[in-house]
Peer 1: 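Got a structure here, written out as structure tokens. Questions coming.
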Amino acid sequence: SAIYPIKTDLSELPEFLKNLENQELTILDTPDPEISYLFKHIITQEVAYNLLLFSQRRSLHKAIAEWYESSFVRDIVTYYPVLAHHWKQAEVPKKAIEYLEKSGELAFRNGTYREAIKFLTEAIQKTEETKDHNISLLRKVYWYRIVGEAQIGLGDLESARQTFRKACAILKHPSPVTSGGAIFGVL
């Protein structure tokens with residue numbers, strides 16, 4: 001109800017939701033005081049979502065993200081992935097990148113390496129897509145470092161090597177090709 005877009009119909013929202021439940025399109029997930037509903041079938045959810053205009057989707061995702069930020073200030077960390085998703089769908093790159101980074105760092109600290117790789121790779125891609133010049137090279141290299149370390153954690157050493165080489169390339173620091181070059185680099 002906090003993000004319902006038609007404020008004049010807000011008082012009728014409980015009746016609308018009850019109607020959807022009676023038609024077996026939704027089911028009650030949690031009762032009062034924090035009432036929530038779920039779509040009964042994923043197909044119904046997808047059809048309803050796809051009937052929305054892109055502008056409607058963006059504004060709903062933005063409203064949801066803002067609601068999460070204001071409603072869960074104390075335990076916002078729990079909602080980093082949700083916020084990353086909604087800001088990405090709202091097409092607000094700066095916020096999306098911020099929460100993708102926070103989600104990736106959190107996942108890495110928790111040892112969920114695949115998630116860390118996914119979130120930080122998305123942050124890198126989003127930064128490249130938007131050509132955001134406010135993101136420093138060191139910050140990108142930091143993301144690559146975490147991705148590389150997560151790949152090592154998964155035992156994917158070849159991918160880690162390639163990731164670390166990308167980080168070196170960003171810094172315009174050539175990575176050694178031979179073991180002699182590696183030894184010279186260490187020295």
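For clarity, every value in this text was computed on a predicted model and none was experimentally measured.
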Peer 1: Between atom NZ of Lys62 and atom CG of Leu60, what is the distance when rounded to the nearest 0.5 Å?
Peer 2: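 The distance works out to 12.0 Å.
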Peer 1: Should Glu66 and His86 count as side-chain neighbours, where that means a heavy-atom distance under 4.5 Å?
Peer 2: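 Counting from C-beta outward, Glu66 and His86 never come under 4.5 Å.
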Peer 1: Using only atom types and a distance under 3.5 Å, with no angle test, would you say the side chain of Thr26 pairs donor to acceptor with the backbone of Tyr37?
Peer 2: no
Peer 1: Treating Ser136 as the side-chain partner and Arg139 as the backbone partner, does any N or O pair qualify as donor plus acceptor under 3.5 Å?
Peer 2: yes
Peer 1: Does some side-chain heavy atom of Glu69 sit less than 4.5 Å from a side-chain heavy atom of Val73?
Peer 2: no
Peer 1: Can you tell me how far the CG atom of Leu120 sits from the OH atom of Tyr144, to the nearest 0.5 Å?
Peer 2: 11.0 Å
Peer 1: Can you tell whether the side chains of Glu115 and Lys118 come within less than 4.0 Å, N to carboxylate O?
Peer 2: no
Peer 1: Counting only N and O atoms by type, is there a donor-acceptor contact under 3.5 Å from the side chain of Asn50 to the main-chain atoms of Glu46?
Peer 2: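 Yes, the answer is positive, given that a donor and an acceptor are paired below the 3.5 Å cut-off.
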Peer 1: Is it true that Leu53 and Tyr49 fall in one hydrophobic cluster, defined by side-chain heavy atoms closer than 4.5 Å?
Peer 2: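 No, separate clusters.
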Peer 1: Could you state the interatomic distance from CD1 (Ile3) to CH2 (Trp67), rounded to the nearest 0.5 Å?
Peer 2: 9.0 Å
Peer 1: For residues Leu13 and Ile27: do they belong to one hydrophobic cluster (side chain heavy atoms under 4.5 Å, members Ile, Leu, Val, Met, Phe, Trp, Tyr)?
Peer 2: no
Peer 1: With a sphere of 6.0 Å drawn around NZ of Lys7, does it hold more than 12 non-hydrogen atoms of other residues, nucleotides or ligands?
Peer 2: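 Atom NZ in Lys7 is packed in, count exceeds 12.
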Peer 1: Taking the six-membered ring for Trp and the single ring otherwise, decide whether the centroids of Tyr113 and Phe108 are under 6.0 Å apart.
Peer 2: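 Tyr113 vs Phe108: aromatic centres under 6.0 Å.
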Peer 1: State, to 0.1 Å, how close Arg145 and Phe164 come at their nearest heavy-atom pair, and which atoms those are.
Peer 2: O-CE2, 3.7 Å
Peer 1: Over 60° means perpendicular and under 30° means parallel, so tell me whether His61 and His85 are parallel, tilted or perpendicular.
Peer 2: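 The arrangement is perpendicular - the two ring planes meet at more than 60°.
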Peer 1: Any Lys/Arg nitrogen of Arg161 or Glu158 sitting under 4.0 Å from an Asp/Glu carboxylate oxygen of the other?
Peer 2: yes
Peer 1: Mind running side chain to side chain contact (heavy atoms under 4.5 Å, CB included) on Lys166 and Thr163 for me, showing each step along the way?
Peer 2: CA-CA 5 Å; Lys166 286 178 187 174; Thr163 300; 5.6 Å; no
Peer 1: Should we count CG of Leu51 as having more than 12 external heavy atoms under 6.0 Å?
Peer 2: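 Yes - once you tally the heavy atoms of other residues, nucleotides and ligands closer than 6.0 Å, there are more than 12.
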Peer 1: Going hydrophobic residue to hydrophobic residue with side-chain gaps under 4.5 angstrom, can you get from Ile170 over to Leu138?
Peer 2: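 Yes.
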Peer 1: Can you tell me how far apart CG (Leu154) and CD (Glu149) are? Round to the nearest 0.5 Å.
Peer 2: 12.5 Å
Peer 1: Any ion pair linking Lys126 and Glu122 (charged N to carboxylate O, less than 4.0 Å)?
Peer 2: no
Peer 1: Tell me whether Thr112 contacts the main-chain N or O of Ala107 through its side chain, where contact means a donor paired with an acceptor under 3.5 Å.
Peer 2: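 Here the side-chain-to-backbone pair exists.
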Peer 1: Hey, what do you get for CG (Leu52) to CZ (Phe54), rounding to the nearest 0.5 Å?
Peer 2: 10.0 Å
Peer 1: Nearest 0.5 angstrom please: Thr127 OG1 to Lys94 NZ, how far?
Peer 2: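 Between atom OG1 of Thr127 and atom NZ of Lys94 there are 12.5 Å.
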Peer 1: Can you check side chain to side chain contact (heavy atoms under 4.5 Å, CB included) on Asp29 and Ile35, steps first, answer last?
Peer 2: CA-CA 7 Å; Asp29 183 40; Ile35 215 167; over 6 Å; no
